[in-house]
Amino acid sequence: MRAILAIVISGGLALVAGAAPRAVSELAALIDAAPAGTTVVVPPGEYHGRLRIDKPIVLDGEGRATIDGGGEGDVIEIACAGVTVRGLRIRGTGKDVSSEPAAIRALAGETTIEDNQIDDALFGVDLREAPNSVVRRNTIRGKDLEPGRRGDGVRLWWSHGCVVEDNRVDRTRDLVFWYSEDLTVARNHVTGSRYGLHFMYSHSTEIVGNELTGNSVGVYLMYSNRIRLTGNVMTNNRGASGYGIGLKDCDDITLEGNALLANRVGLYIDNSPSSVDSAGVIVRNLIAFNEIGFLATPNTHDNRISGNAFVENEEQAATNGRGDLARNTFSADGAGNFWSDYAGFDLDGDGRGDLAYEPRSLFSSLMATQPNLRLFVHSPAQQAVEFTARALPELRPSPMFTDPAPLARRPALDLPTGTSERSAWPMATLGAALVGGAAMVCLALTRDGRLHVGERRIA
Amino acid sequence: MSAVPQTVAIESNPRRRSYAGGALAFARREFRDAMSSRWFLLYTMAFSALAVAVSFMSLSGAGSQGFAGFGRTTAGLLNLIMLIVPLMALIAGAGTIAGERERGTLLYLLAQPVSRTQVILGKYLGLALALVCSLCIGFGVSAGALAWRAGGVGLGSYATLVGMTCALALAMLAVGTLVSAMSRRTGVATGVALFVWLALVFLSDLGLMAGSILFKLRVQEVFGLGALNPLQAFKMSVIVSMNASLDVLGPAGVYASQAFGEGLPWLLGSVIGAWTIVPLAVAVGAFARRGSV
């Protein structure tokens, strides 16, 4: 009996101890006691305070421990190489952008940060000169701040050879990569942020299978060369810039098998490639349902654009400013791109249109030099302008570019599936409600034959 | 259909009827007349067929990615709506008073124990209800097609589109009613309504485009003048509801989003509201003055 009582009391004490927040110094003591290279399992519970790790250990919360920084500065700082932080819930960084407080800041390489859940953080994971590190399967959510005052979900600074994969990031500024080379950035899912993936002076990287939805820009590469983007999905990136993919002064970029859907601009190219002897390769992408499929500065040249499907973009291709895209190649080995608005035909059945695809929309060319006219897109007046240009050929502008061998059928692109399908029932219900409501009103008002005032008409 | 027995049912106890009740009786009469006329059936069928066709065309090829381009569908529907709906509403409104003046039936109506304001407001209300029913049937059928082909994408935007289209129809009906109240003959009223349609759909926008280029108008001027057109206000409010911003409309749209922010939908809605209330008020005044002549 006494033994049972003792067990109950100690169990209750343990529960109380587990629920009440403890000081991080308890954790620091555990780490001090552990030999280098061992695993420290954090006892379940909530810890308050800021932690500094300066010994190569594995710190494992097993998903049951929380560290709350209390809204001041960084939460965890990793000061030596070879540290792993895993399975922790981390929250409560400071929020002053100028001091850049982070949930986890690594100042040395060979760091592994995985399976953590980071909330209420100005910066999520910040790697400073931390080469060969891994950031994997973390969930990162920023603070509820206006975009201009947020920090980066993940930031790499002079950290070569890192792997950033399978993270889910919501409502931060960017996942940004500064001066970092030979990276693998794969299968991350970024929503509600400014730039999903942002590369600055970071070369030789693979960007694979990421999903970037509802940001201002999906992927923005700046001054970064030799980057391959494959199998990424960019959906609904709108707002101030609103690009699925943006390239600024980048050389030797390869975009292959990406899906750019319903962005303001699918692919935006600003002066890329910028060097004389380099080229951009844009092949087998699906660029669909964007306001502008492909937008480029008029000086853009030396991109090979082939085997892509340009489907139902409001404007398939455009320049921002007077000029054309004629110095790019729109076909390779006799095969061009699929354009959903291609009006030609394929009589010889070789899968290529017999007439070249030459976009020469009068309204597009007007908008290139008179951006204010964009106010009138989606209106009958725009159609009237296009109709006039078709009727009076002398008004037609010269073609913006020529695709000599447009694909007659939409290519079967091996693309990742995008947004998951939603149930059709709400829409069907709305339809039924509209028809049913109208029918009921009609019936109710015309049912009985009595008119209360007057009559229909005098014969 | 038009061979309905011409019953005459005089109100049994006119003094009991309230002011609104009198107007509602006219609304009901107008609604029934609209329902039994062929043009109404024709418009409903044409609008439904076109809406379904546009939805299908916009969605062709969208399925393989599990992604439906609702934005594209809306863009297609927008163009259709901006052409057809004002035409429907203006012509329907143009016929309402002038037609009865021409036939002489208006004298009979005005002999009833109701005021002229009640008559014209009742007529407007009845036609408005008929138009909204017609649009709802078209949108309902189109929603069915969308659900079948694309799943439940963009439900909220679609509902907004339906609501804004009804608002646009009410505004254009008010303009049509005004034209009708000031015309003696249906032919004249219809002609004027057609010209108003042409002006709102094409001439004002094309003129503003030309003006913007010739006089190098600033963004705020282009936006302000553009948004005065109820059709453009309608288009912009649909786009705002879909994208939460007008950035797809270029610099003028970005300016509007930044300058008015959250208030932009209200601003655009009040433009359409003004296009409803002002013509209707003028029509009531004109009808009170002119009566059956």
Side-chain angles (χ1 to χ4, degrees), chain A residues 235 238-240 242 259 261-262 264 286 288-289 291 311-312 314 340 367 370-381 383-385 410 415 417-428 430-435 437-438 441-442 445-446 449-459, chain B residues 4 6-9 11 25-26 28-29 31-33 35 61 65-67 69 71-72 75 78-79 82-83 103 105 108-109 112 129 133 136-137 139-141 143-144 146-147 151-153 155 158-159 162 201-202 205-206 209 212-213 219 222-223 226 235 243 245 247-253:
Chain A
T235 310
R238 295 180 169 274
L261 309 171
R264 191 179 71 81
L286 171 66
F289 314 124
E291 297 299 320
V311 180
E312 299 292 334
E314 187 56 34
S340 60
M367 283 194 296
Q370 301 281 340
N372 281 351
L373 294 192
R374 192 168 288 279
L375 186 67
F376 300 97
V377 297
H378 299 311
S379 71
Q383 311 293 326
V385 171
R410 188 171 154 185
L415 293 168
T417 48
T419 325
S420 59
E421 294 227 31
R422 277 174 279 182
S423 164
W425 283 113
M427 194 58 133
L430 177 70
L434 287 172
V435 175
V441 169
C442 292
L445 288 180
T446 55
R450 277 189 311 125
L451 279 177
H452 292 275
V453 172
E455 48 127 87
R456 286 193 190 179
R457 79 183 63 85
I458 290 170
Chain B
V4 182
Q6 311 288 312
T7 53
V8 180
E11 171 120 17
F26 278 96
R28 186 167 174 156
R29 172 183 178 275
F31 184 85
R32 295 177 54 152
D33 275 5
M35 285 288 128
Q65 250 59 48
F67 180 90
R72 184 67 201 174
L78 270 181
N79 259 314
M82 289 165 74
L83 274 176
R103 287 196 300 269
T105 46
Y108 182 80
L109 285 187
Q112 302 294 327
L129 205 56
C133 280
C136 282
I137 291 170
F139 277 119
V141 174
L146 281 173
V153 183
L155 184 75
Y158 195 80
V162 176
V201 173
F202 293 112
D205 285 355
L206 291 173
M209 283 183 206
S212 157
I213 296 173
V219 279
V222 174
F223 170 76
K235 180 191 84 180
N243 295 346
S245 159
D247 52 15
V248 303
L249 298 183

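Chain letters run A, B, ... following the sequence lines, proteins first, then strands; residues in each count from 1. Only a predicted model underlies this, so the values are computations on that prediction, with no experimental measurement involved.
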Which heavy atom of [X] sits nearest a heavy atom of [Y], and at what distance?
X        : Y        : answer
A:Val435 : B:Ile137 : CG2-O, 3.9 Å
A:Ala381 : B:Leu206 : O-CD2, 3.9 Å
A:His378 : B:Lys235 : O-CD, 3.3 Å
A:Gly431 : B:Ala143 : CA-CB, 3.6 Å
A:Pro380 : B:Val201 : CB-CG1, 3.5 Å
B:Asn79  : A:Ser379 : OD1-C, 3.0 Å

* Structure fact -> Ranking B:Ser212, B:Gly226, B:Pro251 by heavy-atom pairs under 4.5 Å to chain A gives rank one to B:Pro251
* Asked: Going by heavy atoms in the side chains, are A:Val385 and B:Met209 under 4.5 Å from each other?
  -> yes
* Contacting moiety of B:Phe139, where chain A heavy atoms sit under 4.5 Å -> both
* Structure fact -> Per-residue tally against chain B (heavy atom, under 4.5 Å) across A:Leu375, A:Leu430, A:Leu373 peaks at A:Leu375
* Asked: What part of A:Arg264 is in contact with chain B, defined as an atom under 4.5 angstrom from a non-hydrogen atom: side chain, backbone, both or neither?
  -> side chain
